[in-house]
Amino acid sequence: MARVAYVDGRYSDLPGAVVSVEDRGLQFADSVYEVIALVAGRLVDLDQHLARLVRSRRGLGLPAPMTDAGLRVVLREVVRRNRLRDGLLYLQVTRGQAPRNHAFPAEPRASLMVTLRSWTPFPSSLASGVAVVSCNDLRWQRCDLKTTGLLPNVLAKQRAQEAGAFECWMVKGGVVTEGASSNAWIVRDGSVHTHPLSHDVLGGITREVLLELAAANDIEILEEPFHPTDVRSAEEAFLTSTSSFVVPVISIDGNEIGDGIPGPVTRRLRELYRDHVYGPTG
Ligand code: PDD
């Protein structure tokens with residue numbers, strides 16, 4: 001079935017969904033985005049994603065393309081028109097169209113584009129764990145804002161792909177910040193560690209929800225930085241993101257982590273997250 005996209009007030013088939021060459025998203029990456037999972041017809045953690053969209057927009061002084069209620073209507077309509085039960089919804093807000101000039105246009109009108117693609121939640125291919133590699137974190141100093149300026153992330157992911165790995169964990173000042181498109185976690189001495197919220201990492205929604213689920217289930221998580229050597233000597237490691245939820249990491253740069261298979265803490269957190277997405281009986 002043809003995919004339907006939304007661009008600035010119009011729903012159309014994907015090939016007809018186009019933006020101007022003078023859109024500031026294209027020219028300056030002057031834009032923010034969200035990726036939201038659609039599972040069994042429901043947009044997972046929609047409120048948290050829309051709250052982060054507002055934070056990212058405000059961080060760049062970017063106006064809202066419409067009201068929150070209007071945005072929810074558009075997202076629902078994109079889901080409805082695509083007739084999908086499981087998918088990944090992508091939405092981008094740019095500072096709109098204007099003759100190319102670095103400074104903001106006098107009266108910017110934000111652009112909104114939304115797409116949805118088919119996707120399988122919790123694919124069995126990821127349950128047995130993935131490899132990661134590490135690389136220098138080349139990004140700017142506001143990685144907490146979800147902007148489309150993703151070239152360092154693109155290069156990191158390409159490096160992972162060329163090494164036959166699933167993800168690249170980025171290292172800044174001797175500390176693992178996060179993956180190219182996911183948050184990074186290890187289990188050490190029985191407790192879980194992930195980088196604290198700061199300008200150096202994206203506050204992942206999966207991360208946020210997993211922290212709540214862990215707290216409710218008496219699993220200790222320490223929001224503390226860790227080093228690449230800590231990963232190599234960790235008992236377990238995993239990554240989180242909207243597009244992969246909770247995925248065991250079983251090696252880094254070719255070195256096996258723990259027993260080289262998904263560990264008990266990771267498996268438990270993955271189950272808790274699955275219950276959160278589907279409901280305990282799902
Ligand atoms: N990526 N860190 C980075 C750099 C990310 O790009 C992402 C998400 C995350 C995890 O955030 P969340 O749990 O909210 O998805 C962490 C999305 C999925 C993407 O760019 O496709």
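We count ligands from 1, going down the list as the structure has it; atoms in each ligand are counted the same way. Reckoned from all heavy atoms, side chains included, excluding hydrogens, waters and symmetry mates. For reference, positions follow the sequence shown, starting with 1.
- For the residue pair Asp200 / Thr177, no side-chain donor-acceptor distance below 3.5 Å is found, with atom types taken as modelled.
- For Phe226, the ring-ring contact (aromatic ring centres under 6.0 Å, His included) criterion is met by no residue, not counting sequence neighbours.
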Pairs of nitrogen or oxygen atoms, one from ligand 1 and one from the protein, closer than 3.5 Å: please tabulate them with distances.
from, atom 1, to, atom 2, distance (Å)
ligand 1, 1 (N), Lys146, NZ, 3.4
ligand 1, 1 (N), Ser181, O, 3.4
ligand 1, 2 (N), Glu178, OE1, 2.6
ligand 1, 13 (O), Ile205, N, 3.3
ligand 1, 13 (O), Thr206, N, 3.0
ligand 1, 13 (O), Thr206, OG1, 2.6
ligand 1, 14 (O), Arg52, NH1, 2.8
ligand 1, 14 (O), Arg52, NH2, 3.0
ligand 1, 14 (O), Ile205, N, 2.8
ligand 1, 15 (O), Thr242, N, 2.8
ligand 1, 15 (O), Thr242, OG1, 2.6
ligand 1, 20 (O), Tyr33, OH, 2.8

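- Judged by distance alone, the side chains of Trp119 and Ser243 never bring a donor and an acceptor atom under 3.5 Å apart.
- Cation-pi check for Arg95 over Phe28 is not met; the charged atom does not lie both under 6.0 angstrom from the ring centroid and within 45 degrees of its normal.
- A salt bridge links Arg142 and Asp144; the closest N-O separation between the charged side-chain nitrogens and carboxylate oxygens is under 4.0 Å.
- Checked by atom type, the side-chain pair Ser241/Ser181 shows no donor-acceptor distance below 3.5 Å.
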